[in-house]
Amino acid sequence: MLSLRLNSLLASTLLLSAFASLDAAEPDAVITSGGLKFAERLMWPDGGYVYGITATDIDGDGDLDFSSAGVHTDMLLWHENDGEENFTKHIICDNEPGYLERHAFGDINGDGTLDVVMVKNKIGHLVWWENNGTPGDGKLWGRHVITTDFMRAYDVALMDLDDDGDLDVAASAYTGDCFSWFENPGPKGFDNEWKQYKFDSDKEFANTRTVAFADFNGDGKPDLLGTGTYGNKTLWYENTGKAGVKKFSRNIIDDKLLMPAHGHPVDMDDDGDIDIVMAGGMRVSTTEKEQSHQAVWYENVGSPGRGSEWTRHFVGHLDFGLEAVVGDLDGDGDIDVIATGCDGGQPGVGEVSWFENTGDLKGEWKKHVLRMYPRAAQVIVMDMDEDGNLDIAASSEAGTFYWWRNLGSAK
């Protein structure tokens with residue numbers, strides 16, 4: 001076992017040496033979109049199908065770092081920010097076949113450092129890597145298995161679901177057509193797989209994707225957002241407060257938007273309850289634009305809303321909509337929508353666009369294309385350089401990962 005760990009460390013060291021030249025990035029290209037200037041930086045030019053990224057303070061030094069997962073390179077990297085937006089790549093894991101995709105950081109073992117939970121999409125595993133010290137200081141990240149029985153594991157989110165003080169895991173399995181949560185066994189149980197509670201499974205879902213926590217009914221407990229993409233289902237799961245498989249109860253938000261893929265909880269209308277932004281349309285014929293190829297938001301109706309009634313509002317057309325997130329990009333005090341479009345199969349198709357909030361959430365939004373980005377996948381919004389302007393980052397199934405630093409007004 002020791003020789004295997006030493007060999008892994010040696011391989012990682014050699015790979016890091018190969019990365020050194022990649023970190024000497026080309027000068028950022030400046031592009032304009034919707035009256036804003038962005039400095040475009042290619043963070044990983046050859047990730048070999050980059051489907052999962054995050055922006056997290058991985059090393060605890062007070063600034064945001066990036067992480068990125070390469071499906072065909074079998075690697076999970078973190079990109080260390082030196083505080084001046086210069087990045088150094090470090091390997092969390094490599095030689096890890098099985099399609100590394102979406103992932104989430106959190107303190108799984110309660111030692112005060114951030115660990116990471118990862119889906120292995122192709123083989124249906126969930127694994128987590130224990131942060132054994134300062135990342136990148138030569139210490140290996142320790143590998144642990146959550147489950148090896150979760151068909152085409154797709155998305156993950158972390159939350160303490162049983163009120164025992166540690167983080168549990170919720171996940172979707174998109175060809176397994178189900179949602180499950182996995183109980184954190186604590187340090188004494190980390191050598192074994194976690195107990196799985198499959199709280200909803202239905203072939204009508206046909207492709208479960210999004211998993212995200214929010215309190216949709218205002219009762220103080222974490223509920224769950226989910227999508228059944230091929231089954232045209234946008235769902236939320238009420239946290240019943242019960243144990244095991246009875247923890248969550250299904251509620252349908254919408255079954256008319258074709259192929260909802262990825263969305264996020266947010267209070268869009270600032271009325272104190274949680275609404276949802278969503279993208280839909282991946283792998284839908286472009287003739288179906290009335291009920292697809294859109295970014296939309298769902299209003300949690302009521303004052304405050306309790307999740308019992310939802311109204312869908314159109315944001316804008318988005319060919320092969322995959323993911324939608326929000327942020328005030330132009331600094332005018334209201335929420336804009338940022339989204340990716342990609343059908344997942346056509347090499348030349350894809351975009352990263354943002355929809356400008358004109359002041360009427362239920363009226364017209366202005367669409368601005370940031371970049372035509374073939375096979376665009378995950379998109380995130382953050383203030384990476386701490387200049388007060390929200391930036392954008394996105395990954396691509398074509399194997400790249402970009403960061404667009406928001407420079408403010410183009411005037």
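A quick note: this is a predicted structure, and the numbers were derived from the prediction, not measured.
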Query raised in the report: Is the closest basic N to carboxylate O distance between Asp391 and Arg405 below 4.0 Å?
Result: no

Requested in this report: Indicate yes or no: does Asp177 engage Lys203 in a salt bridge with an N to O separation below 4.0 Å.
Outcome: yes

Query raised in the report: Is it the case that Asp111 and Thr113 place a side-chain donor and acceptor less than 3.5 Å from each other?
Result: yes

Query raised in the report: Any side-chain donor-acceptor pair under 3.5 Å between Gln294 and His317?
Result: no

**Report entry** Within 6.0 angstrom of Asp191 CG, more than 12 heavy atoms from elsewhere
**Finding:** no

Query raised in the report: Going by atom types alone, do Tyr197 and Glu183 pair a side-chain donor with an acceptor below 3.5 Å?
Result: yes

Requested in this report: Indicate whether the side chain of Thr400 and that of Tyr373 have a donor and an acceptor atom separated by less than 3.5 Å.
Outcome: yes

**Report entry** Distance-only polar pair, side chains of His79 and Thr88, donor-acceptor under 3.5 Å
**Finding:** no

**Report entry** Charged N-O contact under 4.0 Å between Asp254 and Arg312
**Finding:** yes

Report task. Go through the side-chain N and O atoms of Glu40 and Trp404 and say whether any donor and acceptor fall under 3.5 Å apart. Result -> yes

Query raised in the report: Are Arg41 and Asp28 ion-paired here, with the side-chain N under 4.0 Å from a carboxylate O?
Result: yes

Query raised in the report: Just checking, is any N or O donor in the side chain of Arg152 or Asn121 under 3.5 Å from an acceptor N or O on the other one?
Result: yes

Query raised in the report: Judged by atom type as modelled, is there a donor-acceptor pair below 3.5 Å linking the side chain of Asp107 to the main-chain atoms of Gly112?
Result: yes

Query raised in the report: Side chains of Trp354 and Ser33: is there a donor and an acceptor less than 3.5 Å apart?
Result: yes

Query raised in the report: Would you say Asp273's side chain and Gly305's backbone share a donor-acceptor pair under 3.5 angstrom?
Result: yes

Query raised in the report: So with a 6.0 Å cut-off around NZ of Lys198, is the heavy-atom count from everything else above 12?
Result: no

Query raised in the report: Does the side chain of Tyr49 pick up a donor-acceptor pair with the side chain of Arg375 at under 3.5 Å?
Result: no

Query raised in the report: Can you find a side-chain donor-acceptor pair between Tyr237 and Asn251 that sits under 3.5 Å?
Result: no

Report summary line: Checking Phe150, Trp194, Phe199 against Phe182 for ring pair (Phe, Tyr, Trp, His ring centres under 6.0 Å), the one that qualifies is Phe150

Query raised in the report: Ring centroid separation for Phe314 and Trp297, is it under 6.0 angstrom?
Result: no

Query raised in the report: Does Asp219 pair with Arg306 as a salt bridge, N-O distance under 4.0 Å?
Result: no

**Report entry** Between CD on residue Glu351 and CG on residue Asp319, distance to nearest 0.5 Å
**Finding:** 6.0 Å

Query raised in the report: Under 6.0 Å between the ring centres of Phe205 and Tyr174?
Result: no

**Report entry** Donor-acceptor contact present, side-chain Lys221 to main-chain Thr240, <3.5 Å
**Finding:** no

Query - Between Gln378 and Thr340, a side-chain donor and acceptor under 3.5 Å - result: no

Report task. May I ask you to check whether Tyr51 and Arg102 show a side-chain donor-acceptor distance below 3.5 Å? Result -> no

